[in-house]
2 protein chains.
Amino acid sequence: MTEQMHKRVGSAEIAGILRREISKGTFVARDRLPPERMLAESYSVARGTIREALNQLAAEGLVEIRPGSGTYVAIGASEGTNPMVANAGPLELIDARFALEPHICRLAVLHGRLQDFDRMERLMEVMEAPGTDSVLFANADTEFHSVLAETTGNGLLIWIVSQINSVRNQEQWAQMRHLTLNEAIITQYNNQHRQIVNAIRTREPERAAVLMKEHLETARLSLTRAAAA
Amino acid sequence: MTEQMHKRVGSAEIAGILRREISKGTFVARDRLPPERMLAESYSVARGTIREALNQLAAEGLVEIRPGSGTYVAIGASEGTNPMVANAGPLELIDARFALEPHICRLAVLHGRLQDFDRMERLMEVMEAPGTDSVLFANADTEFHSVLAETTGNGLLIWIVSQINSVRNQEQWAQMRHLTLNEAIITQYNNQHRQIVNAIRTREPERAAVLMKEHLETARLSLTRAAAA
DNA sequence: ATCATTTGGTACAAAATTGGCATATTCCTT
DNA sequence: AAGGAATATGCCAATTTTGTACCAAATGAT
């Protein structure tokens with residue numbers, strides 16, 4: 001068995017990755033992607049592969065390639081999301097999470113397995129790391145709440161939360177993060193995350209739900225406070 | 001009767017698994033699935049079996065096989081309806097509604113206006129009318145819960161509930177309605193609807209939420225009872 | 001205005017990966 | 001025992017990826 005069958009990383013894979021990155025909000029509309037040579041290095045792939053992937057995205061109208069200048073995310077690139085979802089405001093989002101996440105905690109208590117807790121643990125470690133900036137924290141936080149939803153094993157809830165998270169990655173939310181996420185808030189969030197996970201671990205559904213409500217109340221407060229300023 | 005051949009671990013099984021993986025979202029449109037040799041290893045099956053399964057999927061137009069390149073999820077596969085939503089089971093749906101609707105009731109208390117109550121009133125009259133059959137009732141019931149969501153004025157929640165309701169309109173759910181909706185159940189639902197609306201009218205958020213939980217618990221019970229039969 | 005740098009566009013051949021296929025064997029059902 | 005399906009193996013042809021080199025257009029600094 002000398003054959004290694006290294007998974008062939010092809011243009012389709014790269015195109016898929018970039019598609020996801022764009023729809024996730026890593027690259028926002030009108031922004032310039034890294035040069036082909038740099039993308040090639042970061043994905044450990046030949047430049048020709050990157051070129052082929054970019055040509056696919058260009059054919060889909062997702063990016064615009066300008067020779068000599070760079071490759072830019074097309075203006076209507078992330079319009080795959082629903083208008084209702086795209087126009088959701090911060091308070092609407094918080095209310096929706098208020099509806100969903102406490103009960104998600106209850107269900108997570110019922111279905112939580114060791115591997116779920118491991119994933120949460122890893123994410124909490126990322127969020128608690130000293131050098132974590134607001135962007136890293138926000139990404140880990142979003143994924144943390146996704147894992148919570150996945151723990152329920154309920155495909156419908158998982159999908160709903162993923163849709164909600166797609167809102168959080170919009171452009172306007174980048175500034176919001178910068179305004180609301182100071183060190184004190186992050187510390188508080190980290191404490192609340194730990195408490196929630198502990199409650200789920202010890203199988204206390206109502207306690208987990210209440211803690212999540214408090215967590216969301218904190219988030220709403222820091223939001224309204226930032227809006228006032 | 002020629003298809004009663006009950007194969008061991010045949011291509012049909014593999015084809016079914018892959019179909020499920022695609023509709024589950026593990027492989028998204030335009031993605032390339034792993035090479036046949038790798039699929040063979042991960043499913044502990046000969047390459048020929050994988051080949052035949054892939055040919056079945058290709059015949060269904062679910063995947064596109066490109067010699068020398070790979071096998072790709074066809075562009076039009078699982079397009080239109082969200083895979084997660086389409087495959088949601090009855091219990092998943094009830095759990096999701098358990099998460100959403102009690103809090104929707106709380107928010108409805110805060111934002112409920114006269115015209116909202118009028119709409120609910122009209123729908124309740126339809127549901128309570130003597131000649132209402134299960135189909136009419138189910139449609140009115142779905143719309144009732146939609147109005148409840150709209151009453152919150154939260155675009156995000158409205159959209160989520162509309163997505164959830166799109167599940168209830170699937171074909172498979174028609175039978176479910178027929179099995180679960182007898183006259184006694186309908187009467188009970190009507191009473192609960194009235195109580196919920198009254199609690200919202202009198203601005204009692206927690207009471208409305210509790211009543212909604214009881215309503216959903218009733219629905220879950222009649223569902224599990226029908227599933228057992 | 002000019003020049004150096006950056007960036008995409010193109011070409012080409014070697015190497016690797018992948019689906020297509022043919023063959024013989026084993027296992028299970030009939 | 002016979003037939004069909006899955007297995008195991010090997011090789012072929014199509015396609016892609018890679019690595020390199022060089023060109024053209026845009027950008028920015030001098």
Side-chain angles (χ1 to χ4, degrees), chain A residues 1-19 21-22 27-75 77, chain B residues 1-19 21-22 27 30-75 77:
Chain A
M1 61 162 295
T2 53
E3 53 175 326
Q4 311 195 24
M5 273 210 291
H6 269 113
K7 183 168 125 197
R8 176 177 178 174
V9 181
S11 59
E13 272 79 3
I14 302 294
I17 290 174
L18 291 177
R19 244 191 302 265
E21 291 291 321
I22 287 175
F27 302 124
V28 239
R30 299 168 60 101
D31 206 11
R32 197 186 69 181
L33 311 181
E36 296 179 348
R37 293 171 173 88
M38 201 167 297
L39 285 174
E41 193 182 353
S42 19
Y43 291 113
S44 301
V45 124
R47 194 182 149 215
T49 309
I50 295 288
R51 282 184 58 64
E52 176 58 31
L54 288 179
N55 283 329
Q56 289 180 32
L57 297 186
E60 300 169 23
L62 220 73
V63 300
E64 182 189 355
I65 301 177
R66 288 213 283 270
S69 175
T71 304
Y72 299 81
V73 178
I75 28 183
Chain B
M1 303 300 191
T2 55
E3 311 212 359
Q4 200 145 17
M5 308 181 255
H6 194 268
K7 291 151 195 162
R8 265 276 185 241
V9 181
S11 56
E13 295 261 355
I14 302 294
I17 291 174
L18 291 177
R19 238 189 305 266
E21 290 293 321
I22 288 175
F27 304 121
R30 289 171 184 274
D31 270 3
R32 191 187 60 182
L33 7 133
E36 296 178 347
R37 293 170 171 90
M38 197 166 293
L39 285 174
E41 190 182 350
S42 36
Y43 291 114
S44 301
V45 114
R47 197 183 148 212
T49 310
I50 295 287
R51 267 182 131 292
E52 192 170 334
L54 288 178
N55 283 327
Q56 289 179 33
L57 297 186
E60 300 170 20
L62 246 144
V63 301
E64 181 189 355
I65 301 178
R66 290 214 286 267
S69 175
T71 304
Y72 299 81
V73 179
I75 22 180

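Here is how names work: the chains are called A, B, and so on, in the same order as the sequence lines, proteins then strands, and each is numbered from 1.
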Legend entry - Ser69(A) side chain vs Arg66(A) backbone, donor-acceptor pair below 3.5 Å: no
Legend entry - Thr71(B) side-chain N/O to dG19(C) phosphate OP1/OP2 under 4.0 Å: yes
Inset, instruction - Please state how far atom CD in Glu36(A) lies from atom C1' in dG8(C), giving the value in whole angstrom units. - result: 5 Å
Inset, instruction - Specify the separation, in whole Å, of atom CG of Asn55(A) and atom C1' of dT16(D). - result: 14 Å
Inset, instruction - Rounded to the nearest angstrom, tell me the gap between atom CD in Glu13(A) and atom C1' in dT18(C). - result: 12 Å
Inset, instruction - Apply side chain to side chain contact (heavy atoms under 4.5 Å, CB included) to Tyr72(B) and Leu33(B), showing your working. - result: CA-CA 6 Å; Tyr72(B) 299 81; Leu33(B) 7 133; over 6 Å; no
Legend entry - Check: Met38(A) main-chain N/O paired with Ser42(A) side-chain donor or acceptor under 3.5 Å: yes
Inset, instruction - Starting from the C-alpha separation in whole Å, work towards a yes-or-no answer on salt bridge (Lys or Arg N to Asp or Glu O under 4.0 Å) for Glu60(A) and Arg30(B). - result: CA-CA 11 Å; Glu60(A) 300 169 23; Arg30(B) 289 171 184 274; 3.3 Å; yes
Inset, instruction - For dT17(D), take OP1 and OP2 only and decide whether either is under 4.0 Å from a side-chain N or O of Ser11(A). - result: yes
Inset, instruction - Please report, rounded to the nearest Å, how far the P atom of dG20(C) is from the CD1 atom of Ile50(B). - result: 13 Å
Inset, instruction - Between dA6(D), dT18(C), dT18(D), spot the one nearest the side chain of Arg8(A), thanks. - result: dT18(C)
Legend entry - Spacing of Arg32(B) atom CZ relative to dT16(D) atom P, expressed in whole Å: 10 Å
Legend entry - Rounded distance (Å) that lies between atom P of dT18(C) and atom CG of Leu33(B): 12 Å
Legend entry - Nucleotide dG19(C), atom C1' - distance to CG of Leu39(B) in whole Å: 12 Å
Legend entry - Pro35(B) side chain, from C-beta outward: closest of dT18(D), dA6(D), dG19(C): dG19(C)
Inset, instruction - Answer with base, sugar-phosphate or nothing: what part of the nucleic acid does Ile65(A) contact at a heavy-atom distance below 4.0 Å? - result: sugar-phosphate
Legend entry - Rounded distance (Å) that lies between atom C1' of dT7(C) and atom CD of Glu64(A): 15 Å
Inset, instruction - Answer yes or no: is there an ion pair linking Arg19(B) with Glu21(B), defined by an N-O contact shorter than 4.0 Å? - result: no
Inset, instruction - Assign Gly70(B) to base, sugar-phosphate, or nothing according to its heavy-atom contacts below 4.0 angstrom with the strands shown. - result: sugar-phosphate
Legend entry - Angle between terminal axes - the helix from dA1(C)-dT30(D) to dT30(C)-dA1(D), 5 pairs each end, rounded to 10°: 40°
Legend entry - Main-chain N/O of Arg51(A) paired with Asn55(A) side-chain donor or acceptor, under 3.5 Å: yes
Legend entry - Flag for Ser11(A)-Gln56(A): side-chain donor and acceptor within less than 3.5 Å: yes
Legend entry - Result of checking Ile14(B), Val63(B), Ile65(B) against Leu57(B) for side chain to side chain contact (heavy atoms under 4.5 Å, CB included): Val63(B)
Legend entry - Base versus backbone protein contacts along nucleotides 21-30 of chain D [heavy-atom cut-off under 4.0 Å; B, S, -]: B---BSS---
Inset, instruction - Indicate yes or no for a side-chain donor-acceptor contact from Glu13(A) to the backbone of Gly10(A) under 3.5 Å, with no hydrogens or angles considered. - result: yes
